[in-house]
Amino acid sequence: MPEESTKNDFIREIVSADYAAGKYGGRIVTRFPPEPNGYLHIGHAKAICLDYGVAREFGGTCHLRMDDTNPTKENMEYVESIIHDVEWLGFKVAPEDLYYASDYFEQMYDCAIRLIEKKLAYVCKLSPEEWESVRGNSTTPGSEPPGRAQSVEENLDLFRRMRAGEFEDGAMVLRARIDMTSPNIHMRDPALYRIRRIHHFRQGDKWCIYPMYDFAHCLEDACEGITHSICTLEFEIHRPLYDWVLDNLGFDPRPHQYEFSRLNISYTVMSKRKLLQLVKENHVRNWDDPRMPTIAGFRRRGYTPEAIRRFCDILGVTKCNSLTDLALLEHCIREDLNVSAPRYLAVLDPLKVTLRNYPEGQIELLEGINNPENPAAGTRQIPFGRTLYIEKSDFMLQPPKGYFRLAPGAEVRLRYGYFIRCEEVVTDAEGNVTEIIASYDPSTRGGSAPDGRKVKGTIHWVEATRAISAEARLYERLFAVETPGASDADFLTELNPDSMRVIEIKGEPALGELPAGTRVQFERQGYFCVDPDSTREHRVFNRTVTLKDSWAKQQGK
RNA sequence: AGUCCUGUGGUGUAACGGUAGCACAAGUGAUUCUGGUUCACUUUGUUGAGGUUCAAAUCCUUACAGGACUGCCA
């Protein structure tokens, strides 16, 4: 029985109708077929959630298939990262559901032979340039390629010799014999096999001919008994060829291809080619650099699989070209982290505060709530003393109207601590503020005043001698901007050289003591993730900064 | 230029001939020991023009706009 789904997109409608009609005997099989030539990115997550989601909802299965038909760019590292990322997203990859397109090379070869025997394929000796003139273009139909005149025996012999390695790379290809006048260029005798003497990471040197996508993919689907082959819009124009191959080889019942629009997110580079370029040219450390929009990068950035799945769910599935607002992704991450991330006090850019009426050398412990959204998260003890650090941005010498943190003569609350009042400001020769001398109100311990007086501002702080200093690597939001219409050449110039900077954190507890992968929210500093790989922490995002920006903007007006 | 696909608030989507709804974003106010969270409210939409119909976002025609395609990549 299909499980209840709240989603109702056109893909699910098709699957539902086929399921109800018993089209495949009530069996639903989908597949997610990445080429292992790079790491998975957030765009793949949408496809993964769709492919696995549909299968699960209809009691079917989803195959993870490595589409390894072009060995020039593929390797095992990518295979491993893909499996890891799919599982991390929350979709179990059972050994029996893991497939490799290259395992079907023998069957694909047999299918090619059958097409030749049916006079539906022939060996073409034309060079790419010669083929271009025969093929015609969108306005002029193609002409009869010379290879079409060859006999079945001749083609069989040539194709067998292609496999046997008798010809140079690129000397000839196997082509389907379809329609040289078709308005769909993909139907003008498309190439089925090419000669490539390249070591395949799984098949070794067993093959020197490799099948093309259009020939291979539909056969992979058919071999695995896929019922619904869901892919992105750019393959729409390939569908007639998908159908042609399977129908002419007599697969019945056979899989059908359905297309949905791929994910685009504002300010986000979503092209494997460009991401590879960022890695190759050392603009980022690797595919899993937290600045990358890859699944692995998001993991190190502190995004959770739940949040990413939620994002994919609310995206919807359509055939419209769309550009999703990055704010929607961030909303999903925030929504999840808000209820799950423990809070800690931390100061990124410290300013010394001395409480002149607090006993020298005294340290007391104050109680802080770990997560206001979740009482089960409990409380913790925070050391407090005479010398503290606060955030530089939480003090202003000449506060504008509407600023309710610390300023000369003003009173603020130290979160979970005391009310303090700024009484004196120490500056250096250049006039920079180097220290605040303040007094604290002993009756406000814990943060509330017995006389009921209110303070508008609550700031975070750390005790100077007990605070742990930790090096933190902060990544600013996104490093590259891709707007619709931006050319390939533009996009690298958008890289921000300041996007990575190292600063000092005075905070508690020791970040190194937090388990790797922990997400914490530093009070008013945004969410951070303790990097599972380096135990450094990454800022996930910081809504406070956004608010500060808009506040600053208001002041500027 | 040709062929195919797609047009619903700023963005992403729902409504399958019968009340244009939801989420994000934006704005206003309230709450708050995070300028966070939460809550309430508000703004903004069927690409244009014709038809069919008692009734059209939905069906038809057409114009316009956007996208995909012209690898021996996937």
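Both backbone and side-chain heavy atoms feed into the values below; hydrogens, waters and symmetry mates do not. Per chain, numbering begins at 1; letters A, B, ... match sequence-line order.
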Asks: What nucleic acid atoms does A:H238 come within less than 4.0 Å of, heavy atoms only: base, sugar-phosphate, or nothing?
Replies: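 Base: the residue A:H238, judged by heavy atoms under 4.0 Å, touches a nucleobase.
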Asks: From B:G35, B:U6, B:A74, pick the nucleotide closest to the side chain of A:Y213?
Replies: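 Out of B:G35, B:U6, B:A74, the nucleotide with an atom closest to A:Y213's side chain is B:A74.
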Asks: Using the side-chain heavy atoms of A:N8, tell me which of these nucleotides is nearest: B:U37, B:G67, B:A15.
Replies: B:A15
Asks: Would you say the base of B:G67 and the side-chain of A:E236 have a donor-acceptor pair closer than 3.5 Å?
Replies: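 There is none.
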Asks: Quick check on B:U13: is either OP1 or OP2 less than 4.0 Å from any side-chain nitrogen or oxygen of A:S322?
Replies: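 True: A:S322 side-chain N/O within range (under 4.0 Å) of B:U13 OP1/OP2.
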Asks: Is A:R188 touching bases, backbone alone, or none of the nucleic acid, heavy atoms closer than 4.0 Å?
Replies: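 Counting heavy atoms under 4.0 Å across all strands, no contact is made by A:R188.
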Asks: Ignoring backbone atoms, establish whether A:T318 has a side-chain N or O less than 4.0 Å from OP1 or OP2 of B:U13.
Replies: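 Indeed, a polar side-chain atom of A:T318 lies that close.
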Asks: Would you say A:Y210 and A:R194 make side-chain contact, with heavy atoms under 4.5 Å?
Replies: yes
Asks: Under the rule syn = chi within 90° of 0, otherwise anti, which is B:G71?
Replies: syn
Asks: Reckon A:M172 touches a base, only the sugar-phosphate, or nothing at all at heavy-atom distances under 4.0 Å?
Replies: nothing
Asks: For A:E224 and A:R65: C-alpha separation, side-chain torsions, deciding distance, then whether salt bridge (Lys or Arg N to Asp or Glu O under 4.0 Å) applies.
Replies: CA-CA 10 Å; A:E224 292 175 20; A:R65 179 170 69 226; 3.1 Å; yes
Asks: Checking contacts here: which listed nucleotide (B:A25, B:U6, B:U37) is nearest the side-chain heavy atoms of A:C320?
Replies: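 Taking heavy atoms from C-beta onward, the closest nucleotide is B:U6.
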Asks: Base, sugar-phosphate, or nothing: which does A:Y210 touch, judged by heavy atoms less than 4.0 Å apart?
Replies: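 Nothing: the residue A:Y210, judged by heavy atoms under 4.0 Å, touches no strand.
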Asks: Of the candidate nucleotides B:U70, B:G12, B:G10, which contains the atom at the shortest distance from the side chain of A:R135?
Replies: B:U70
Asks: If you only use heavy atoms from C-beta on, which nucleotide in B:U13, B:U6, B:U70 is closest to the side chain of A:N137?
Replies: B:U70
Asks: With both distances under 3.5 angstrom, what nucleotide forms a Watson-Crick or G-U wobble pair with B:C69?
Replies: B:G2
Asks: OP1 or OP2 of B:U34 versus the side-chain N and O atoms of A:R334: is any pair under 4.0 Å?
Replies: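 A:R334 to B:U34 OP1/OP2: no side-chain N or O under 4.0 Å.
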Asks: Side chain of A:R343, base of B:U34: donor and acceptor closer than 3.5 Å?
Replies: yes
Asks: Just checking A:N184: base, sugar-phosphate only, or nothing, at a heavy-atom cut-off of under 4.0 Å?
Replies: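 Contact class for A:N184: none.
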Asks: Kindly point out which of B:A25, B:G12, B:U34 is positioned nearest to the side chain of A:R415?
Replies: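 My answer, after comparing the listed nucleotides, is B:U34.
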Asks: Testing A:Y303, A:Y39, A:W287 for ring-ring contact (aromatic ring centres under 6.0 Å, His included) with A:F298, which one passes?
Replies: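 That would be A:Y303; it is the only one of A:Y303, A:Y39, A:W287 passing the ring-ring contact (aromatic ring centres under 6.0 Å, His included) with A:F298.
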Asks: B:U62 and B:U28: how far apart are their P atoms, nearest whole angstrom?
Replies: 48 Å
Asks: Among B:G36, B:A25, B:U3, which nucleotide sits nearest the side chain of A:P183?
Replies: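 Of the options given, the side chain of A:P183 lies nearest B:U3.
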Asks: Using whole Å, what does the distance between atom P of nucleotide B:G12 and atom CG of A:D313 come to?
Replies: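 Roughly 18 Å, once rounded to whole Å.
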Asks: Where the side chain of A:N184 meets the backbone of A:I237, is there a donor-acceptor pair that is under 3.5 Å apart?
Replies: yes
Asks: How many Å lie between CZ on A:F10 and C1' on B:U6, as a whole number?
Replies: 11 Å
Asks: What residue among A:R413, A:R421, A:R453 forms salt bridge (Lys or Arg N to Asp or Glu O under 4.0 Å) with A:D441?
Replies: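 Between A:D441 and the candidates, salt bridge (Lys or Arg N to Asp or Glu O under 4.0 Å) is satisfied uniquely by A:R453.
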Asks: Does A:T69 have a side-chain nitrogen or oxygen under 4.0 Å from the phosphate oxygens OP1 or OP2 of B:A74?
Replies: yes
Asks: Output the single nucleotide from B:U34, B:C73, B:A25 whose closest atom is nearest the side chain of A:K73.
Replies: B:C73
Asks: So what does A:L366 touch, heavy atoms closer than 4.0 Å: a base, only the sugar-phosphate, or nothing?
Replies: nothing
Asks: Tell me: CZ of A:R413 to C1' of B:G36, nearest whole Å?
Replies: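 One finds 14 Å between C1' of B:G36 and CZ of A:R413, rounded.
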Asks: Looking across every strand, which nucleic acid part, if any, lies under 4.0 Å from A:L328 by heavy atom: base, sugar-phosphate, or nothing?
Replies: sugar-phosphate
Asks: Return the orientation label for the A:Y193 and A:Y109 ring planes: parallel under 30°, perpendicular over 60°, tilted otherwise.
Replies: perpendicular
Asks: For A:K73, is there an ion pair with A:D68 - N to carboxylate O distance below 4.0 angstrom?
Replies: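 Looking at A:K73 together with A:D68, the answer is no, because their closest N to O distance does not fall below 4.0 Å.
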Asks: What does A:S448 touch in the nucleic acid at a heavy-atom separation under 4.0 angstrom: a base, only the sugar-phosphate, or nothing?
Replies: base
Asks: Could you check whether A:P36 gets within reach of a base, just the sugar-phosphate, or nothing at all, counting any heavy atom under 4.0 Å?
Replies: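 If one applies the 4.0 Å heavy-atom cut-off, A:P36 turns out to touch nothing in the nucleic acid.
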Asks: Take atom CD of A:E335 and atom C1' of B:U37, then tell me their distance rounded to the nearest Å.
Replies: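 Computing the A:E335:CD to B:U37:C1' distance gives 12 Å.
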Asks: I need the CG-C1' distance between A:N321 and B:C4, as an integer number of Å.
Replies: 13 Å
Asks: Which nucleotide sits closest to the side chain of A:F404: B:G71, B:G35, B:A25?
Replies: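 The closest nucleotide is B:G35.
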Asks: Under a 3.5 Å limit for both distances, which nucleotide forms a Watson-Crick or G-U wobble pair with B:G29, could you say?
Replies: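 Paired with B:G29, as far as the under-3.5 Å criterion goes, is B:C39.
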Asks: Hey, does A:T140 reach any base, or is it just sugar-phosphate, or nothing, if we go heavy atoms under 4.0 Å?
Replies: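 A:T140: no heavy atom of the nucleic acid under 4.0 Å.
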Asks: Between A:R239 and B:C4, does any side-chain N or O lie under 4.0 Å from OP1 or OP2?
Replies: no
Asks: By the 4.0 Å heavy-atom rule, please label A:G316 as base, sugar-phosphate, or nothing.
Replies: nothing
Asks: Might you work through the salt bridge (Lys or Arg N to Asp or Glu O under 4.0 Å) test for A:D189 and A:R175, ending with a clear yes or no?
Replies: CA-CA 6 Å; A:D189 290 15; A:R175 289 189 180 280; over 6 Å; no
Asks: Picking from B:C72, B:G36, B:G2, which would you name as closest to the side chain of A:R196?
Replies: B:C72
Asks: Give one of base, sugar-phosphate or nothing for A:E35, where a contact means two heavy atoms less than 4.0 Å apart.
Replies: sugar-phosphate
